[in-house]
Amino acid sequence: MTDSGCIFCRIASGEIDSDRVYDGERVVAFRDLDPKAPTHILVIPRAHVPSVADLEDGDAPVIGELLLAARDIAREEGLVESGYRLVLNSGAGAGQSVFHLHLHLLGGRQFGWPPG
Ligand code: 5GP
Ligand code: ZN
């Protein structure tokens, strides 16, 4: 399912341009327009799911591919040795601003803990 009013659905379909780094069966990934680290990639399901809270049990294969894609992209970007951060903001209170589930892959700098 796609949502024509959703920017990430339109990026996933190719209707809106993005700097694509991964094209999978259920998942695509592209560089963030406003990067928060030297490497900042968004990994998203092709299907419209607003957030983690909306996932269904049957979505396990999508989430599996999401995480494995992030692993492969991190390797390709040369981030394994230095480390990288994966972030899933779920809900406005956690900082989610685009309501199509997306996994942030951030790398290339030092990260603080706990996150802000
Ligand atoms: P959130 O704040 O929802 O966790 O993350 C949304 C992310 O999407 C932000 O980092 C923002 O920079 C990025 N973003 C928003 N609109 C676009 C867009 O049209 N293209 C790309 N490549 N990234 C976007
Ligand atoms: Zn969407």
Side-chain angles (χ1 to χ4, degrees):
M1 268 251 291
T2 59
D3 174 344
S4 59
C6 169
I7 186 124
F8 284 2
C9 281
R10 296 169 74 192
I11 286 175
S13 73
E15 186 192 333
I16 292 180
D17 277 345
S18 67
D19 187 353
R20 194 75 72 102
V21 298
Y22 177 89
D23 250 305
E25 187 187 344
R26 300 177 175 88
V27 165
V28 302
F30 52 91
R31 294 188 194 280
D32 197 291
L33 208 55
D34 179 20
K36 315 301 186 293
T39 301
H40 187 175
I41 289 163
L42 301 172
V43 192
I44 71 168
R46 289 185 183 278
H48 183 78
V49 180
S51 81
V52 171
D54 302 292
L55 284 169
E56 295 175 2
D57 292 353
D59 291 324
V62 182
I63 293 308
E65 188 179 335
L66 196 84
L67 206 51
L68 293 173
R71 175 201 62 184
D72 291 348
I73 296 162
R75 271 188 203 143
E76 281 157 23
E77 296 284 322
L79 297 173
V80 174
E81 202 173 318
S82 57
Y84 53 92
R85 182 161 290 178
L86 299 175
V87 176
L88 271 169
N89 293 325
S90 231
Q96 186 176 7
S97 62
V98 176
F99 288 85
H100 178 129
L101 191 154
H102 48 281
L103 178 65
H104 295 263
L105 165 58
L106 299 140
R109 67 168 169 84
Q110 203 61 38
F111 295 97
W113 192 263

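In listed order, ligands and their atoms are each counted from 1.
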Looking at D32, L33, V21, which one forms a side-chain contact (heavy atoms from CB on, under 4.5 Å) with L42?
D32
Test of understanding: with side chain to side chain contact (heavy atoms under 4.5 Å, CB included), list the residues that count as partners of A12, not counting sequence neighbours.
V28, I44
Does R26 pair with D59 as a salt bridge, N-O distance under 4.0 Å?
no
Presence of salt bridge, R31 and E77, under 4.0 angstrom:
yes
The answer, listing residues by chain and number that come under 4.0 Å of ligand 1 through any heavy atom, is I7, F8, I11, F30, R31, D32, L33, D34, K36, H40, L42, N89, G95, Q96, S97, V98, H102, H104
Which atom names give the shortest non-hydrogen contact between N89 and A94, and what distance separates them?
OD1-O, 3.2 Å
Under a 4.5 Å cut-off applied to non-hydrogen side-chain atoms, are Y84 and R109 in contact?
no
In total, how many protein N/O/S atoms does one find closer than 2.8 Å to the Zn ion (ligand 2)?
4
Connected via hydrophobic side-chain network under 4.5 Å: V52 and L105
yes
Provide the closest heavy-atom pair for V98 versus Q96 in the form atom of the first, atom of the second, distance.
O-NE2, 2.9 Å
Under the ring pair (Phe, Tyr, Trp, His ring centres under 6.0 Å) rule, what pairs show up with a residue in residues 34-79, not counting sequence neighbours?
H40-H104, H48-H100
